[in-house]
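Right, one structure below, let's go through it.
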Amino acid sequence: MLSRLLKEHQAKQNERKELQEKRRREAIAAATCLTEALVDHLNVGVAQAYMNQRKLDHEVKTLQVQAAQFAKQTGQWIGMVESFNQALKGFLVW
């Protein structure tokens, strides 16, 4: 009778250990899924920020080129206006 009680007790302990191990594995799996979902969610935002930064960098380069061209053209216009003014002054003096 005592050995039967001991075997029943050991069987119940084994069942509890197996149930506890099963729950531990389920908790680990759930935590892993949650972590992956959070990382994926963050990665979407990071990827979008990276793409926006690349677009902004491209726009900045384009604007720099256009600003340099505009400055060069403006300098040419100023030179032409000054030449025109000088020509007018020379014409008016005569």
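For this chain, numbers begin at 1 and follow the sequence in order.
Residues L34 make up the rest of the hydrophobic cluster containing L38, defined by ILVMFWY side-chain heavy atoms closer than 4.5 Å, directly or through other members. When hydrophobic side chains of Ile, Leu, Val, Met, Phe, Trp and Tyr are connected at separations under 4.5 Å, V65 ends up as a singleton with no cluster partners. The hydrophobic cluster containing V39, built from Ile/Leu/Val/Met/Phe/Trp/Tyr side-chain heavy atoms closer than 4.5 Å, comprises no other residue.
Rounded to the nearest 0.5 Å, atoms CE (M80) and CZ (F84) are 10.0 Å apart. How far CG of D40 is from OG1 of T35: 10.5 Å, rounded to the nearest 0.5 Å. The distance from the NZ atom of K7 to the CD atom of Q10 is 9.0 Å, given to the nearest 0.5 Å. Rounded to the nearest 0.5 Å, atoms NZ (K17) and NZ (K12) are 15.5 Å apart. Within the model, atoms CG of L19 and CD of E21 stand 10.5 Å from one another, a figure rounded to the nearest 0.5 Å.
Within a 6.0 Å radius of CD in Q20, no more than 12 heavy atoms belonging to other residues, nucleotides or ligands are found.
For the pair K22/E18, no side-chain contact is recorded, criterion being any heavy-atom separation below 4.5 Å from C-beta on. Residues R54 and Y50 are in side-chain contact: their nearest non-hydrogen atoms beyond the backbone lie under 4.5 Å apart.
When the side chain to side chain contact (heavy atoms under 4.5 Å, CB included) test is applied to T62, the partners found at least two apart in sequence or on another chain are H58, Q66. For E8, the side chain to side chain contact (heavy atoms under 4.5 Å, CB included) criterion is met by R4, L5, not counting sequence neighbours. The side chain to side chain contact (heavy atoms under 4.5 Å, CB included) search around I28 returns R24, T32, not counting sequence neighbours.
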